[in-house]
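Provided herewith is a single structure, encoded as structure tokens, for subsequent inquiry.
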Amino acid sequence: MRTAGSGMGIRRRLGEALAGAVRSIGVEGEMPDLELGRAKDPKLGDYASPAGRKLAQALRQSPDQIGERIAATIAVPESAAAVEAVAGYVNFRLTREWLQRLVAEVASGGETYGATDAGHGERVQVEFGSINPTGPMHIGHGRGVVLGDSMCRLLEFTGHGVQREYYVNDQNTQARRFGASVWARMHGQEPPEGGYTGAYVSELAEMAKRDLGDLDALPTEEAEAKVRQYAIAIMVERIRESVARLNVRYDEWFNESRLWQEGLPQLAIQRLRASGFLKERDGALWFGPALEEEDGLGEEVRSSKEDRVVIRSNGEPTYFASDLGYLLSRFERRHFERVVEVWAADHHGYVDRLKAAAAALGLNPERLVIILHQMVNLKEGKMSKRAGRFVPLDELVDRVGADAVRYFYLLRSPDTTIEFDLELALTQSNENPVFYAQYAHARLVNVEATAAERHPTLPDHADVSLLVQPWELDVARQLAFWPEVVEDATRLLEPHRIPYYVHDLATAVHRFYHAGNETTEYRVVVDDAALTRARLELCRAARHTLRKALDLIGVSAPERM
RNA sequence: GCCCCGCUAGCUCAGUGGAUAGAGCAUCUGUCUUCUAAACAGAGGGUCUGAGGUUCGAAUCCUCAGCGGGGCACCA
């Protein structure tokens with residue numbers, strides 16, 4: 001049989017068999033989506049497809065008949081499932097023998113179970129968490145960081161060449177305001193209008209005075225630039241430390257200023273100008289796909305709200321100019337085949353603009369994938385430093401722990417706005433659902449240790465046919481689902497599917513364990529060495545999968561709790 | 001005004017157009033002399049915001065409405 005480690009999940013293999021059967025009963029042309037998925041009710045089986053109902057019209061037969069014909073025709077791979085046609089559905093029930101074999105494969109395959117080469121080494125850059133390095137990360141930023149990092153883990157697990165990038169805005173307006181604020185504090189002045197006022201700014205000013213030495217010899221502009229670079233370097237380092245506490249690392253911290261050193265925004269502007277996407281108006285340089293057609297269309301089009309400034313009337317470029325160069329950097333200079341950006345929803349208005357820019361530059365906008373996640377709001381209202389409603393990410397990690405923080409964020413779909421209640425998060429941290437899963441893992445480790453103590457010599461080979469109890473097969477069944485969970489989470493870039501799976505697997509594990517609490521003969525470690533060995537095999541398989549699943553969401557798998 | 005997201009159990013949320021809509025928490029009832037009770041078994045709890053529409057079939061797709069959140073910069 002094909003190995004479990006190939007990553008080709010049973011759902012996919014059953015789907016192929018189903019499609020083959022549908023062909024052989026006379027369906028031609030484009031294959032409709034047969035919607036093979038998990039059966040609603042375990043009584044009906046493990047997987048189900050409404051194929052009979054789907055095809056009734058095309059084949060002019062009753063759904064029942066078609067279902068029966070498919071069931072009679074289908075060649076189920078590896079005898080993995082029993083097939084039954086019910087009410088126009090084709091139901092599949094994984095067989096005990098197949099589940100037993102799966103356990104053996106997963107136990108020996110370890111944490112590679114579910115891994116695939118589906119990505120064929122595709123070079124994917126994921127850019128996430130890139131806040132202006134002008135202040136500490138808060139709990140809203142944490143969501144994007146955890147989301148982006150987990151996507152990377154999923155992509156790596158499925159055969160993609162992943163690069164994690166943080167885009168450092170070190171020369172934009174905010175960066176300059178930040179630098180000017182530190183500069184002002186160094187000279188005993190208040191930060192300028194719209195500047196940064198936090199205590200950390202004064203602290204940075206003190207550090208700069210100490211570390212940068214005598215700046216007065218330099219021209220003011222040069223000195224201020226030095227201070228800005230210094231302050232931003234410190235903030236970047238702090239951000240690096242903050243995300244590291246969440247088990248997140250970056251491969252590249254890419255400075256915006258580097259783009260200009262490499263002449264990329266300049267090149268992009270040149271190219272867009274040549275192709276007619278740029279126009280001067282009111283002393284500024286504008287980008288707008290419609291501009292080339294504006295002549296004769298009047299003021300309405302000329303002042304189109306769709307346009308964006310690339311170079312301000314004062315000659316300074318906007319972030320958009322940098323982003324044009326950034327596109328070239330990633331797709332043309334660094335040859336990424338796909339770029340995934342993780343943004344908070346307040347940037348959604350920029351999505352179309354950036355995609356239009358990519359197209360205008362001659363790049364395929366479909367290779368630019370922008371994932372938006374909704375905001376994290378405090379229960380007390382919008383986060384605001386000035387109003388004192390600001391929860392630093394570090395504080396949350398201090399008080400709740402990295403694992404609980406990651407699990408908390410990833411348990412929600414990116415489309416859901418999070419109303420954050422810090423008090424509630426703290427009181428509930430002791431009953432955080434992450435512990436449920438971690439406890440299952442720790443239990444498995446413990447049970448395996450106990451087995452090793454009680455049975456110093458167990459056979460190398462496990463007779464998995466001894467795994468016959470329903471709660472044992474339920475664990476195996478959950479293992480069978482793992483590859484498809486990985487596949488869906490990666491394809492849709494939806495890491496939140498993983499913690500839900502983790503919960504289901506942990507439940508199966510806890511039940512399996514608990515059977516031994518109620519009846520001694522159902523324990524893993526029993527007098528019978530062969531039986532112990534078989535159940536140990538199940539423990540190993542579950543442990544590997546649980547550990548890997550937790551790893552994909554960046555959560556630790558403790559050995560004891 | 002326009003654009004995006006959400007509205008599902010008391011609360012927080014899952015839910016690829018398919019069968020009788022799920023989980024956690026909370027509430028209530030049971031289970032430790034344990035291979036770890038951070039666990040297990042069970043109960044109650046639903047007009048899937050509302051109204052139309054498409055479909056053999058809608059929580060899911062379309063239209064309209066309501067409520068909540070976010071955006072519509074020569075900030076990012």
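Just so we're on the same page: letters track the sequence lines, and every chain starts at 1. These values consider heavy atoms only, across backbone and side chains, with no hydrogens, waters or symmetry-generated copies.
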query: Taking OP1 and OP2 of A41(B), is either one under 4.0 Å from a side-chain nitrogen or oxygen of Arg511(A)?
result: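 Yes.
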message: Just the rounded figure in Å: distance from C1' of G22(B) to CG of Asp41(A).
response: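 Taking atom C1' of G22(B) as the reference, CG of Asp41(A) is at 12 Å.
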- request: Could you pick out which residue, Asp352(A) or Asn169(A), lies toward the 5' side of RNA chain B when each is mapped onto its nearest nucleotide?
  value: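 So the residue in question is Asp352(A).
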message: Measuring only between side-chain heavy atoms, which start at C-beta, is Gln438(A) closer than 4.5 Å to Asp403(A)?
response: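 Yes; the side chains approach each other to less than 4.5 Å.
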task: Identify the heavy atoms of Pro50(A) and Glu35(A) that sit nearest to each other, and give their distance.
output: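 Shortest heavy-atom separation between Pro50(A) and Glu35(A) comes out as CD-O, 3.7 Å.
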- prompt: What is the nucleic acid contact for Tyr436(A), judged by heavy atoms within less than 4.0 Å: base, sugar-phosphate only, or nothing?
  reply: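 Since only primed, P, OP1 and OP2 atoms lie under 4.0 Å of Tyr436(A), the category is sugar-phosphate.
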query: More 5' along RNA chain B: Pro317(A) or Arg443(A), using each one's nearest nucleotide?
result: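 Upstream on the strand: Arg443(A).
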Tyr167(A) ring center near Tyr326(A) ring center (under 6.0 Å):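 Here the rings of Tyr326(A) and Tyr167(A) have centres that are less than 6.0 Å from each other.
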query: Would you say the side chains of Ser150(A) and Arg406(A) form a donor-acceptor pair under 3.5 Å?
result: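 The answer is yes; a qualifying pair exists.
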task: Using the salt bridge (charged side-chain N to carboxylate O under 4.0 Å, His left out) rule, collect all pairs that involve residues 491-517 of chain A, keeping only residues at least two apart or in two chains.
output: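 The answer is Asp488(A)-Arg491(A), Glu494(A)-Arg497(A).
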- prompt: Rounded to whole angstrom units, what separation is found between the CE atom of Met375(A) and the C1' atom of C4(B)?
  reply: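 Value for this atom pair: 12 Å.
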message: Side chain of Arg308(A) only, heavy atoms from C-beta on: which candidate in C75(B), C74(B), C72(B) is closest?
response: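 Selected nucleotide: C72(B).
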query: What is the nucleic acid contact for His503(A), judged by heavy atoms within less than 4.0 Å: base, sugar-phosphate only, or nothing?
result: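 Answer is sugar-phosphate: His503(A) comes under 4.0 Å of backbone atoms only.
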query: With Asp421(A), which residues qualify under salt bridge (charged side-chain N to carboxylate O under 4.0 Å, His left out), at least two apart?
result: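 Expected list: Lys379(A).
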query: If every non-hydrogen atom of His510(A) is compared with every non-hydrogen atom of Arg443(A), which pair is closest and at what distance?
result: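 Distance-wise, the nearest heavy atoms are ND1-NH1, 3.0 Å.
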- prompt: Looking at the angle O4'-C1'-N9-C4 for a purine or O4'-C1'-N1-C2 for a pyrimidine, is C32(B) syn or anti, with syn meaning within 90° of 0?
  reply: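 Syn conformation for C32(B).
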message: Quick check for you: among A39(B), A73(B), C25(B), whose closest atom lies nearest to any side-chain atom of Glu431(A)?
response: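 Closest of the options to the side chain of Glu431(A): C25(B).
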query: What heavy-atom pair brings Glu68(A) and Ala85(A) nearest, and what distance separates the two atoms?
result: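 That closest heavy-atom pairing would be N-CB, 3.6 Å.
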message: Within the 4.0 Å heavy-atom criterion, would you say Asp421(A) contacts the bases, only the backbone, or no part of the nucleic acid?
response: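 Since no nucleic acid heavy atom lies under 4.0 Å of Asp421(A), the category is nothing.
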query: What is the distance, rounded to the nearest whole Å, between atom CG of Asp474(A) and atom P of C40(B)?
result: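 About 14 Å, once rounded to whole Å.
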- prompt: What is the nucleic acid contact for Pro433(A), judged by heavy atoms within less than 4.0 Å: base, sugar-phosphate only, or nothing?
  reply: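 Pro433(A): no heavy atom of the nucleic acid under 4.0 Å.
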message: Could you tell me how far apart Arg53(A) (CZ) and A58(B) (P) are, to the nearest whole angstrom?
response: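 About 12 Å, once rounded to whole Å.
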query: Could you state the CG-P distance from Asn517(A) to A38(B), rounded to the nearest angstrom?
result: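 Roughly 11 Å, once rounded to whole Å.
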field: Distance-only donor-acceptor test (3.5 Å): side chain His348(A), base C3(B)
entry: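 Check passes, donor-acceptor contact within cut-off.
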message: Under 4.0 Å, heavy atoms only, any strand: does Tyr513(A) hit a base, just the sugar-phosphate, or nothing?
response: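 If one applies the 4.0 Å heavy-atom cut-off, Tyr513(A) turns out to touch a base.
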task: Whole angstrom is fine here: how far is it from CZ in Phe178(A) over to C1' in C75(B)?
output: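 In whole Å, C75(B) C1' and Phe178(A) CZ are 16 Å from each other.
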message: Taking any heavy-atom pair under 4.0 Å as a contact, classify Leu44(A): base, sugar-phosphate, or nothing.
response: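 Base contact.
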message: Just to be sure I understand the rule, does Ala442(A) reach a base, reach only the sugar-phosphate, or reach nothing, if contact means heavy atoms closer than 4.0 Å?
response: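 Base contact - Ala442(A) has a heavy atom under 4.0 Å of at least one base atom.
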message: In this structure, how many angstroms lie between the P atom of A19(B) and the CZ atom of Phe92(A), rounded?
response: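 Distance check: Phe92(A) CZ to A19(B) P gives 17 Å.
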Please enumerate all protein N or O atoms sitting under 3.5 Å from an N or O of nucleotides 9-17 of chain B, with distances to 0.1 Å.
from   : atom 1 : to        : atom 2 : distance (Å)
U12(B) : O2'    : Arg412(A) : NH2    : 2.5
C13(B) : OP1    : Thr417(A) : O      : 3.4
C13(B) : O2'    : Tyr500(A) : OH     : 2.7
A14(B) : OP1    : Ser413(A) : N      : 2.5
A14(B) : OP1    : Thr416(A) : OG1    : 2.8
A14(B) : OP2    : Thr416(A) : OG1    : 3.3
A14(B) : O4'    : Tyr500(A) : OH     : 3.4
G15(B) : OP1    : His496(A) : NE2    : 2.9
G17(B) : O2'    : Glu35(A)  : OE1    : 3.1
G17(B) : O2'    : Glu35(A)  : OE2    : 3.0

- request: Return the value, rounded to whole Å, for the distance between atom CD of Gln374(A) and atom C1' of C7(B).
  value: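 Rounded to the whole Å, the gap is 13 Å.
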- request: Look at the side-chain N and O atoms of Gln57(A) and state whether any lies under 4.0 Å from the OP1 or OP2 oxygen of C56(B).
  value: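 For Gln57(A), the contact criterion (side-chain N or O under 4.0 Å from OP1 or OP2 of C56(B)) is met.
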